[in-house]
Amino acid sequence: MIRTHESGRLRAADAGTEVLLAGWVASRRDHGGVVFIDLRDASGVVQCVLREGTGGELRSEFCLRVVGEVSQRPEGNENPDLATGDIEITVSSYDILSTSDPLPFPLDEHAPDISEERRLQYRYLDLRRASVADALKLRSRITSAARRVMDAHGFLDVETPYLTRSTPEGARDFLVPVRLQPGSWYALPQSPQLFKQLLMVGGLERYYQFARCFRDEDFRADRQPEFSQLDIEMSFCEQDDVIALAEEILTAVWNDVLDVQLTTPFPRMTYGEAMRRYGSDKPDTRFAMELVDLTAYFESTGFKIFASSEHVGAVVVPGGGSYSRRELDGWNEWSRSRGGKGVAYVLVGADGVPTGGIAKNLGEQELAGLPAATGAAAGDAIFFQAGPKSATLEALGALRLAAARDRGVLPDGGWNFLWVTDAPMFEPTSDGAGWTSVHHPFTRPRAEDEAILTERPGEALAVAYDVVLNGSEIGGGSLRIHERELQQKVFSVLGLSEDEARAQFGFLLDAFRFGPPPHGGIAFGWDRVSMLAAGAGSIRDVIAFPKTASGGDP
């Protein structure tokens, strides 16, 4: 037996017990011949005391087997920062299981910052650091909590293939050559969407899977080329059934793992309202600073830029009236770096009168009424954007977040969950010549919008629902189409003829000939859920072996 106990689980109640421990030397201290080492394993750290004349050869990260007795620490020597801080191990013998070369960087949590590239190059050492290991342990507990909910509701954990064919999911595929069929390729799945719908046709009714998905897209803090999602599909359900299950999963995770009591049901907001109020389909509702629609206010303005724009909007920046000219120029640079044309502004003086920026372009009455129209107070700044409605709202939404960070309005904590519902079915393609799905082509339109699908596709709304946490989308789903005729109608809006639809999705259309049930589901971005729950800054922090920002694995 290599060990009898785990180091981090020993307590004062174990005093007098002989133990065999195994782990790594986290630190070594020589106090006048008596050597103290902190022995670390996956469970934690315990202090070991070696008698005089021993331990001199031990170095950081040597792997040891220790035999000794659990002892109460002398009064005054307790360490309240350690779970094992009331006890220590009086070592009678030890074996060096393996030695360690000098480390490329210190594993002390309080060591200076180490570059991410360096940490990932030696990820196996980085994983020995408590903060890194704790994030993965938390993720494991989160996954277990979700599984308990799924099992309690009778869902089946079913694996779907990794080697499949390419289907439109909104990103580029990763391809795998088929050795026995030169010139043929498998595509790695961007999601299990079609397979889980076929499982519903197969009568399994309740499916879930912690699925690996692959998308060849640009890297960001919350994106990886391979990622995990909790994928769920259920038959004979309505939107509220899926939402209730999703809320139960999230409540279990936050209550059981983080000891945070969530209140359900979560608030709901339509996509249209979210864009109008926050300029985002994933709004952070922890702070106010809602957008102001000034299109009607400037309907008769002499300021040509506003007069010729489809939409004019503003966001009030608390205390922004103190911005210097240099800081205001910085906002223009920020806008241009995002592809915008700059930020128009006025500053509300201590007397409540707007001045500066575009004040000279506005009429006296327009200017005087701006504080009341926007809710701005003395000392605030009013930032404007104007142009096509959709692009202007998105620009204002980004401006709102950036200004909130700049002014210290954006909170660090809190858990604001929100459902965003009734998203559009379609949006114009990049060239404006056709339509593409906002979610995916299998999303069900609202019953009242089925009649306008082909005539006015831009107005049709979906039975779709995204769950948002503190401004991050952590999950999304919809009810699905299960009728062949309706599915073909959606394909035709997307520009697919019957022959093209059959070539790409014939297997699905054929399956819909054999009594498909109504069904719907949701998928959670599990890396993102874990990241937010752990308070991490990137999903790389909750993935054992992540890719770097450039897509490489050091």
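What you see is a predicted model; the values in this text were computed from it and never measured.
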Hey, which of Arg528, Gln209, Arg212 is the one that makes side-chain hydrogen bond (donor to acceptor under 3.5 Å, both in side chains) with Ser228?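 Only one of Arg528, Gln209, Arg212 forms a side-chain hydrogen bond (donor to acceptor under 3.5 Å, both in side chains) with Ser228, namely Arg212.
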I need the single residue from Arg139, Gln224, Arg540 that forms a side-chain hydrogen bond (donor to acceptor under 3.5 Å, both in side chains) with Asp527. Which is it? Arg139
Looking at every non-hydrogen atom in both residues, tell me the closest pair between [X] and [Y] and how far apart they are.
| X | Y | value |
| --- | --- | --- |
| Arg51 | Ser92 | NH1-O, 3.0 Å |
| Gly413 | Arg286 | O-NH1, 3.0 Å |
| Asp231 | Pro192 | OD2-CG, 3.5 Å |
| Leu21 | Leu39 | CB-CD2, 3.7 Å |
| Leu401 | Asp284 | CD2-CB, 4.2 Å |
| Ala130 | Glu109 | N-OE2, 2.7 Å |

Would you compute the distance between atom [atom1] of [X] and atom [atom2] of [Y] and round it to the nearest 0.5 angstrom?
| X | Y | atom1 | atom2 | value |
| --- | --- | --- | --- | --- |
| Asp86 | Ser71 | CG | OG | 13.0 Å |
| Thr164 | Leu194 | OG1 | CG | 8.0 Å |
| Tyr207 | Met150 | OH | CE | 9.5 Å |
| Ser437 | Glu427 | OG | CD | 9.0 Å |
| Thr270 | Arg277 | OG1 | CZ | 9.5 Å |
| Arg59 | Asp101 | CZ | CG | 13.0 Å |

Salt bridge flag under 4.0 Å for residues [X] and [Y]:
| X | Y | answer |
| --- | --- | --- |
| Glu217 | Arg223 | yes |
| Arg215 | Glu226 | no |
| Asp240 | Arg268 | yes |
| Arg40 | Glu61 | yes |
| Glu233 | Arg206 | no |
| Asp126 | Arg118 | no |
| Glu6 | Arg9 | yes |
| Arg148 | Asp256 | yes |
| Asp466 | Lys282 | no |
| Asp41 | Arg3 | yes |
| Arg29 | Asp38 | yes |

Expected output: side-chain [X] to main-chain [Y] donor-acceptor under 3.5 Å:
| X | Y | answer |
| --- | --- | --- |
| Arg141 | Leu258 | no |
| Arg73 | Glu78 | no |
| Tyr94 | Gly55 | yes |
| Ser100 | Phe62 | no |
| His440 | Phe442 | yes |
| Asp241 | Glu238 | yes |

Heavy-atom side-chain proximity of [X] to [Y] below 4.5 angstrom:
| X | Y | answer |
| --- | --- | --- |
| Val438 | Thr443 | no |
| Leu230 | Tyr208 | yes |
| Lys196 | Arg480 | yes |
| Leu58 | Val35 | no |
| Leu50 | Val34 | no |
| Pro283 | Leu418 | yes |

Are [X] and [Y] linked by a side-chain donor-acceptor pair shorter than 3.5 Å?
| X | Y | result |
| --- | --- | --- |
| Thr285 | Asn416 | yes |
| Tyr465 | Gln239 | no |
| Glu247 | Trp419 | yes |
| Gln193 | Gln197 | yes |

Check the angle between the aromatic planes of Trp526 and Phe210 and answer parallel, tilted or perpendicular using the 30° and 60° thresholds.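 Answer is perpendicular, since the angle exceeds 60°.
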Classify the ring geometry between His153 and Phe155 as parallel (under 30°), tilted (30 to 60°) or perpendicular (over 60°). perpendicular
